[in-house]
Amino acid sequence: MTSKILIIGACGQIGSELTYKLREIHGVDNVIASDINTRKLELVNAGPFVILDAKNFNAIKDCCINHNVKTIYLMAALLSATGEKYPMEAWDLNMNSLFHVLNLAKVKQIDHVFWPSSIAVFGPTTPKEDTAQHTIMEPSTVYGITKQVGERWCEYYHEKYGVDVRSIRYPGIISWKTLPGGGTTDYAVEIYHEALKNKAYECFLSEDTELPMMFMDDAIKATVDIMQADADTIKIRSSYNLAAISFTPKEIANSIQEHIPDFKITYKPDFRQAIADSWPKSIDDTTAKKDWNWEHAFSLKDITKEMLLQLGEK
Ligand code: VAH
């Protein structure tokens with residue numbers, strides 16, 4: 001039987017687009033989508049789908065045995081804002097799901113793992129401009145702590161047990177196909193929806209809050225590229241810095257006003273401002289560029305044009 005790919009958390013913002021891309025590359029029947037529920041019916045009906053609890057080791061193991069799964073993309077997690085509301089649930093899901101997948105790789109039940117990290121691994125003491133691949137990491141969010149610890153375990157399992165686990169520190173990701181949920185960077189998606197609906201948006205971050213961001217197409221390309229790279233080119237087995245652009249709410253609003261001149265933004269920072277303030281403003285991804293030829297494609301201008309076009313049609 002052909003070896004299959006399993007995506008855990010396939011109904012999420014990245015998981016859903018990753019599912020379509022991997023099916024384009026490997027064939028629909030070779031990519032099994034899974035999630036805790038069937039909330040995204042379009043995806044559930046687009047190809048092989050199983051309901052799977054990322055915290056249930058035996059369920060994941062049985063799925064791998066039954067479907068001859070040899071590669072897992074573990075995309076299920078509670079993100080930064082939700083993690084602050086439900087710290088123990090975030091620790092439980094984000095960490096135990098990773099241990100389950102790494103342990104399946106350790107005993108060779110599967111051969112390859114992709115696990116997403118995040119710029120949330122950096123904290124208030126990290127230098128904020130052009131944040132380096134190796135630097136101070138004192139994350140001040142539960143989500144960031146799970147990502148920092150998760151990176152340590154990925155590197156440990158690679159060094160000790162030879163597990164082929166690969167990881168990327170995603171910045172904020174902007175997409176139109178699936179709404180994000182529970183993130184601090186989600187304002188950069190909501191703003192486009194509100195601009196088209198109401199020509200106005202009340203932003204939960206202050207106007208000058210600069211954050212590293214990326215269009216979904218770039219994030220998916222990076223994910224596919226790192227997994228297709230020769231193993232000996234992957235020198236970092238914790239997680240790679242990845243960058244595209246950085247902008248502030250004011251700058252994204254200005255880019256929208258080039259298309260919708262009377263769009264108005266107001267600012268009402270909430271608890272997510274402190275999370276955003278703990279993160280870098282820009283990321284140095286020289287190592288990813290050097291090791292596996294990473295390069296982003298979408299500028300803020302490109303993103304705004306594409307988001308308004310796609311959402312306008314939707
Ligand atoms: C969040 N979108 O806001 C995620 C991301 C860099 C932030 O990990 O929590």
Side-chain angles (χ1 to χ4, degrees), residues 9 11-18 73-87 89-91 93-95 97-98 114-124 126 128 131 135 137 139-151 167-193 203-206 209-220 222-223 238-249 252 269-285 288 296 303 307:
C11 291
Q13 183 193 17
I14 304 173
S16 55
E17 300 213 36
L18 190 57
Y73 290 75
L74 174 53
M75 308 310 287
L78 291 183
L79 300 184
S80 60
T82 307
E84 292 309 294
K85 290 179 185 167
Y86 307 103
E89 289 79 358
W91 178 264
L93 172 60
N94 296 8
M95 295 316 304
S97 62
L98 177 59
F114 176 80
W115 178 75
S117 185
S118 162
I119 60 161
V121 290
F122 301 116
T126 305
K128 291 197 177 298
T131 300
T135 184
M137 294 166 75
S140 53
T141 64
V142 173
Y143 174 67
I145 292 166
T146 69
K147 292 303 183 184
Q148 182 187 30
V149 173
E151 290 187 6
S167 179
I168 283 172
R169 290 170 181 158
Y170 288 125
I173 294 179
I174 301 167
S175 64
W176 53 273
K177 290 186 186 130
T178 304
L179 276 174
T184 299
T185 59
D186 296 355
Y187 89 87
V189 177
E190 292 173 4
I191 191 169
Y192 290 106
H193 291 263
C203 184
F204 55 75
L205 297 181
S206 64
T209 307
E210 184 180 4
L211 288 171
M213 296 282 188
M214 179 178 286
F215 193 49
M216 177 63 80
D217 293 27
D218 275 335
I220 296 298
T223 309
S238 49
S239 189
Y240 276 91
N241 275 9
L242 197 76
I245 54 179
S246 291
F247 56 72
T248 65
I252 191 173
D270 66 13
F271 75 99
R272 288 167 285 193
Q273 185 65 48
I275 296 174
D277 289 343
S278 74
W279 290 347
K281 293 176 184 296
S282 60
I283 299 289
D284 174 0
D285 61 356
H296 81 278
I303 295 171
M307 286 294 283

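Ligands are counted one by one from 1 in listed order, and the atoms in each one are counted from 1 as well. Bear in mind that the values here come from a model prediction, so they are computed numbers and not experimental data.
Backbone and side-chain nitrogen or oxygen atoms of Tyr170 are examined, and none is located within less than 3.5 angstrom of a nitrogen or oxygen of ligand 1. The shortest N/O to N/O separation between Trp279 and ligand 1 does not fall below 3.5 Å.
Only backbone heavy atoms of Pro171 (N, CA, C or O) come within less than 4.0 Å of ligand 1; its side chain stays farther off. At a 4.0 Å heavy-atom cut-off, ligand 1 does not touch Ala120 at all.
Of all atoms in ligand 1, numbered sequentially from 1 with element shown, those under 4.0 Å from a heavy atom of Leu79 are 9 (O). Atom numbering of ligand 1 starts at 1 in the shown order; those under 4.0 Å from a heavy atom of Ile119 are 6 (C). Ligand-side atoms of ligand 1 in range of Gly183: 1 (C), 3 (O), 9 (O), range being under 4.0 angstrom from any heavy atom.
Shortest contact from atom 2 (N) of ligand 1 to any protein heavy atom: Thr185 OG1, 3.0 Å. Atom 9 (O) of ligand 1 has its closest protein heavy atom at Ser80 OG, 2.6 Å. In this structure, the protein non-hydrogen atom closest to atom 3 (O) of ligand 1 is Thr184 N, 2.7 Å.
Using the six-membered ring where Trp is involved, Tyr73 and Phe114 have ring planes that are tilted, between 30° and 60° apart.
Distance alone, capped at 3.5 Å, places no donor-acceptor pair between the Thr146 side chain and the Met95 backbone.
The shortest non-hydrogen separation linking Ala90 to Val142 is CB-CG1, 3.9 Å. Summarising the geometry of Lys281 relative to Ser246, their closest heavy-atom pair is O-OG, 2.6 Å, with the distance given to 0.1 Å.
Judged purely by distance below 3.5 Å, without hydrogens or angles, the side chains of Glu84 and Thr141 never pair a donor atom with an acceptor atom. For the residue pair Ser80 and Thr184, a side-chain donor N or O sits within less than 3.5 Å of a side-chain acceptor on the partner.
A salt bridge between Glu151 and Arg169 is present, with a side-chain N of the basic residue lying under 4.0 Å from a carboxylate O of the acidic one.
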